[in-house]
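Encoded as structure tokens, the structure appears first; notes follow it.
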2 protein chains.
Amino acid sequence: MESKGKKILIADDEPDILEIIQYNLSKEGYDVVTAKDGDEAVGKAKMTRPDLIILDIMMPKKNGVEVCEILRSQPAFKETLILFLTALSDEGSHVRGLETGADDYVTKPISPKILISRVNALFRRINKEPEEKVLKIENLSIDPAKFEVTVDGKDVTLAKKEFELLYLLASRPGRVFLRNEILNQVWGNEVIVGDRTIDVHIRKIRQKLGLDCITTVKGVGYKFNL
Amino acid sequence: MESKGKKILIADDEPDILEIIQYNLSKEGYDVVTAKDGDEAVGKAKMTRPDLIILDIMMPKKNGVEVCEILRSQPAFKETLILFLTALSDEGSHVRGLETGADDYVTKPISPKILISRVNALFRRINKEPEEKVLKIENLSIDPAKFEVTVDGKDVTLAKKEFELLYLLASRPGRVFLRNEILNQVWGNEVIVGDRTIDVHIRKIRQKLGLDCITTVKGVGYKFNL
DNA sequence: GTTATCAGTTCACAATTTGTTAATACATAA
DNA sequence: TTATGTATTAACAAATTGTGAACTGATAAC
């Protein structure tokens, strides 16, 4: 089958299973990357940016749940599909897995047929809408669905990064965001940009909004305040 | 029963079964066309453009799955309902059948009652499009039932994809649709087309409408705005 | 059966916008 | 005053989109 253009990362410490899954998913037209433990999974995930990550729960270095938590904490992997592989069919780990932010889970022993149909179903399901809520603070309104910011009902056009930065700060008015936090949330952990970059964006936001709503906390970070 | 105006093609190599099905579906008010092997099925499908095609899996010349694949590969049959008839009740062929693009399947031996209810269900599923309402925004009107777009009462002819894209955007004025969302909604998850394809269609819509109603949100997507 | 036509797609490259950096000026606290 | 950290600006780099043309495959017309 020709490529579907979808990349899948599989992490499992059992070479046999890894191979079986890889073979079947490749045959289905997916591009497959493999990892043999948790650390490698995190690394390759950042490196290859897969559309779907299949994680064995039991793995050396870091287990599947840990890997999932690490990845989910980064903006770049907020939308990535994650599927757990587990020998434990008990309700407990199932629930915990899905709570961590997994999209589905499959219990071992694995039937390639079932796995494939689950994987296909996951991709089919991506028709989901990211329903984020509109923020309204005083005369400022931030609507992520419309990607629209208004001040006193007047439209203000922000660029993507500016918008994301403002939305982050405004989502927790009063809370100080460290520069590092901002970098992680808006830029993602793996991207390396200079410190001044944040300043520049902050400045543009202040400029465009014409509001004094972002407070500098020297030596710490920024916070939103109206 | 009077005609429902729905045409059904039945392909099966067993004359008895063919006759039984034909009799029962005719009695239900469907127009029935028959074929006794895969090749004839493909030919008659192209000839008569049925609304539903019932395919026996096991047939001479070409089996049902092959016929399905051939037809589904052609745009004219992307929307046509296809139902498999099979003596094999095993999971395998079921899964393969549905993945090939069939809409349902019925196992032999066939109960006319069950077959009819399945057929009716399929048409019911296709027919219910009550949410496809006419959109009217300012001097623009979009009628999905008639597949018609008018600007200031003047007809504008859009191609299918162009129409679908416009309808999607216009159905939620102001909301930004990410490029991925657009691909999923208009093209479907399994189809992989290049990024520029969306731009080209957007451009054609803008061109044909002569309205500045689609806003580009750089790095994010597009939204409808009037 | 050929040819013409059209929707849909891709490509190459232009046009534009956005993101980043680096250099410099400014502000503040010790 | 000095050390530290932030603001500002302009120049540059990178990313994204717009556009015309060409290509493909299916259908319609001849």
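A, B, ... follow the sequence lines: proteins, then strands. Residue 1 opens every chain.
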Worksheet item: side-chain hydrogen bond (donor to acceptor under 3.5 Å, both in side chains) with B:Lys161: which residues, sequence neighbours excluded?
Response: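 With sequence neighbours excluded, B:Lys161 shows a side-chain hydrogen bond (donor to acceptor under 3.5 Å, both in side chains) to no residue whatsoever.
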
Worksheet item: Got a sec, which residues hit side-chain hydrogen bond (donor to acceptor under 3.5 Å, both in side chains) with B:Arg196, two or more places apart in sequence or on another chain?
Response: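 So B:Arg196 forms a side-chain hydrogen bond (donor to acceptor under 3.5 Å, both in side chains) with B:Asp199.
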
Atom [atom1] of [X] and atom [atom2] of [N]: how far apart are they, to the nearest Å?
X	N	atom1	atom2	result
B:Ile182	C:dG8	CD1	C1'	16 Å
B:Gln207	C:dC6	CD	P	15 Å
B:Arg179	D:dA15	CZ	C1'	12 Å
B:Arg203	C:dA12	CZ	P	17 Å
A:Ile214	D:dT6	CD1	P	14 Å
B:Tyr222	D:dT16	OH	P	12 Å
B:Asp199	C:dT9	CG	C1'	12 Å
B:Ile202	D:dG20	CD1	P	16 Å

Worksheet item: So which of B:Ile10, B:Leu85, B:Asn63 actually passes side-chain contact (heavy atoms from CB on, under 4.5 Å) with B:Asp56?
Response: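 For B:Asp56, the side-chain contact (heavy atoms from CB on, under 4.5 Å) check succeeds only for B:Leu85.
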
Practice prompt. Return each pair, listed once, that meets salt bridge (charged side-chain N to carboxylate O under 4.0 Å, His left out) where at least one residue sits in residues 215-226 of chain B; pairs must be two or more places apart or across chains.
Written response: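 Non-adjacent pairs meeting salt bridge (charged side-chain N to carboxylate O under 4.0 Å, His left out): A:Glu148-B:Lys223.
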
Discussion item. Using a 4.0 Å heavy-atom cut-off to protein, can you give one letter per nucleotide of nucleotides 18-24 of chain C, 5' to 3': B if the base is in contact, S if only the sugar-phosphate is, - if neither?
Written reply: SBBB---

Item to complete: Quick one, give me the B/S/- string for nucleotides 22-30 of chain D, reading 5' to 3', where B means a protein heavy atom under 4.0 Å from the base and S means that only happens at the primed atoms, P, OP1 or OP2.
Response: ----SS---

Practice prompt. Ignoring backbone atoms, establish whether A:Thr216 has a side-chain N or O less than 4.0 Å from OP1 or OP2 of D:dG5.
Written response: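 It does not, given that no N or O in the side chain of A:Thr216 lies less than 4.0 Å from OP1 or OP2 of D:dG5.
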
Worksheet item: How would you label the contact of A:Phe163 with the nucleic acid (heavy atoms, under 4.0 Å): base, sugar-phosphate, or nothing?
Response: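 Nothing, no heavy atom under 4.0 Å.
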
Worksheet item: Distance under 6.0 Å and angle within 45° of the ring axis: does A:Arg175 meet both against A:Phe177?
Response: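 Checked: cation-pi criterion met.
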
Practice prompt. Measure from NZ or CZ of B:Arg49 to the centre of the six-membered ring of B:Phe77, then state whether that distance is under 6.0 Å and the direction lies within 45° of the axis.
Written response: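 Yes.
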
Item to complete: Keeping to residues at least two apart or across chains, list the side-chain hydrogen bond (donor to acceptor under 3.5 Å, both in side chains) pairs with something in residues 207-216 of chain B.
Response: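 Found B:Glu162-B:Lys208, B:Arg206-B:Thr216.
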
Fill in: Test: A:Asp195 and A:Arg179 ion pair at under 4.0 Å
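Salt bridge present between A:Asp195 and A:Arg179.
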
Discussion item. Salt bridge check, B:Lys7 against B:Asp31: does any charged N sit closer than 4.0 Å to a carboxylate O?
Written reply: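 Between B:Lys7 and B:Asp31 there is no salt bridge, as every charged N stays at least 4.0 Å from the carboxylate O atoms.
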
